[in-house]
Amino acid sequence: MMRIDDLVERITALQRSDLEAWIRDELVVPRQDDGTMVFNDMEFARVRLICTLRYELEIDADTLPVILSLIDQLHETRQRLRALSAAVTTQDKSVQAAIIAAMERDRGSPAPGREET
């Protein structure tokens, strides 16, 4: 666990005022530990990502929440896909084969909501 001072020290580009704004805007959500904000490894990585987006890629501050929301959605989708894959591997081989066959059939289908005309 790291405190704000630890983050600012470890990420050279990070401005404390920016981090405080990101916390206020809930782009980063540290835990409270005895009245002190602390950051776990996941939050540390998120702060580094935000720094890259903001300082290196020069993404506008108003755009950050949108980008982070999309990244969060992608992460959630990947976790759900892993869980689905794990569930499929526990099924009988015939069920697995049926799922794979259905996926292969659907591979050429248009995305939902994008039917061919």
Side-chain angles (χ1 to χ4, degrees):
M1 294 290 185
M2 288 177 264
R3 295 172 296 125
I4 287 181
D5 293 335
D6 300 328
L7 282 177
V8 172
E9 183 178 310
R10 290 186 64 184
I11 304 172
T12 55
L14 179 59
Q15 300 295 313
R16 185 183 183 98
S17 59
D18 287 340
L19 178 57
E20 290 169 349
W22 300 337
I23 293 167
R24 189 174 48 255
D25 294 340
E26 298 181 352
L27 299 180
V28 180
V29 183
R31 285 191 358 196
Q32 291 287 331
D33 186 17
D34 292 329
T36 301
M37 286 186 279
V38 293
F39 301 81
N40 62 23
D41 290 341
M42 185 69 99
E43 288 301 319
F44 174 69
R46 188 173 181 91
V47 170
R48 282 192 3 231
L49 170 64
I50 295 171
C51 286
T52 298
L53 293 170
R54 186 74 182 106
Y55 303 139
E56 293 178 29
L57 300 177
E58 299 178 357
I59 301 296
D60 185 63
D62 293 335
T63 307
L64 279 175
V66 175
I67 292 173
L68 291 171
S69 174
L70 292 171
I71 290 170
D72 291 343
Q73 289 175 45
L74 180 59
H75 181 70
E76 170 81 17
T77 300
R78 290 180 70 196
Q79 286 182 320
R80 292 176 61 108
L81 181 57
R82 283 189 190 113
L84 176 61
S85 295
V88 168
T89 61
T90 65
Q91 301 302 309
D92 293 334
K93 295 294 180 192
S94 61
V95 174
Q96 291 179 22
I99 292 170
I100 291 169
M103 289 173 58
E104 290 297 320
R105 278 193 309 272
D106 290 343
R107 180 178 261 174
S109 300
R114 303 187 89 196
E115 286 73 30
E116 294 178 17
T117 55

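Count residues from 1 along the sequence.
In this structure, I50 CD1 and I67 CD1 are separated by 10.5 Å, a value rounded to the nearest 0.5 Å.
With sequence neighbours excluded, no residue forms a salt bridge (charged side-chain N to carboxylate O under 4.0 Å, His left out) with R54. Residues meeting the salt bridge (charged side-chain N to carboxylate O under 4.0 Å, His left out) test with E104, sequence neighbours left out: R107. In this structure E9 satisfies the side-chain contact (heavy atoms from CB on, under 4.5 Å) test with no other residue, sequence neighbours excluded. Remark: R16 pairs with D5, E20 by the salt bridge (charged side-chain N to carboxylate O under 4.0 Å, His left out) rule, at least two apart or across chains. Residues that satisfy the side-chain contact (heavy atoms from CB on, under 4.5 Å) test with D6, not counting sequence neighbours, are M2, R3. For D25, there are no salt bridge (charged side-chain N to carboxylate O under 4.0 Å, His left out) partners, not counting sequence neighbours. In this structure, the side-chain contact (heavy atoms from CB on, under 4.5 Å) partners of V66, at least two apart in sequence or on a different chain, are L70.
For residues 69-85, the set of pairs meeting the salt bridge (Lys or Arg N to Asp or Glu O under 4.0 Å) definition, not counting sequence neighbours, comprises R46-D72.
In the hydrophobic clustering of this structure, I71 groups with F44; members are Ile, Leu, Val, Met, Phe, Trp, Tyr whose side-chain heavy atoms approach within less than 4.5 Å, directly or through other members.
The minimum heavy-atom distance linking R48 with I11 is given by the pair CG-CD1, 3.5 Å. The two residues I4 and I23 come nearest to each other via the heavy atoms CD1-CD1, 4.1 Å.
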I'd like a table of donor-acceptor pairs (distance under 3.5 Å, sequence neighbours excluded) in which one partner is a side-chain atom from residues 55-64, with atom names and distances.
residue, atom, partner, partner atom, Å
Y55, OH, Q15, N, 3.3
Y55, OH, D18, OD2, 2.5
D60, OD2, D62, N, 3.2

Per-pair distances, 0.1 Å, donor-acceptor, side chain in residues 31-43, under 3.5 Å, sequence neighbours excluded:
residue, atom, partner, partner atom, Å
N40, OD1, M42, N, 3.0
N40, OD1, E43, N, 2.8
E43, OE1, V29, N, 3.2

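By the 4.5 Å side-chain criterion applied to Ile, Leu, Val, Met, Phe, Trp and Tyr, L74 is assigned to no cluster and stands alone. Other cluster members for I100: none, since no ILVMFWY side-chain heavy atom sits under 4.5 Å from it.
With 3.5 Å as the limit, one finds a donor-acceptor pair spanning the side chains of Q73 and S69.
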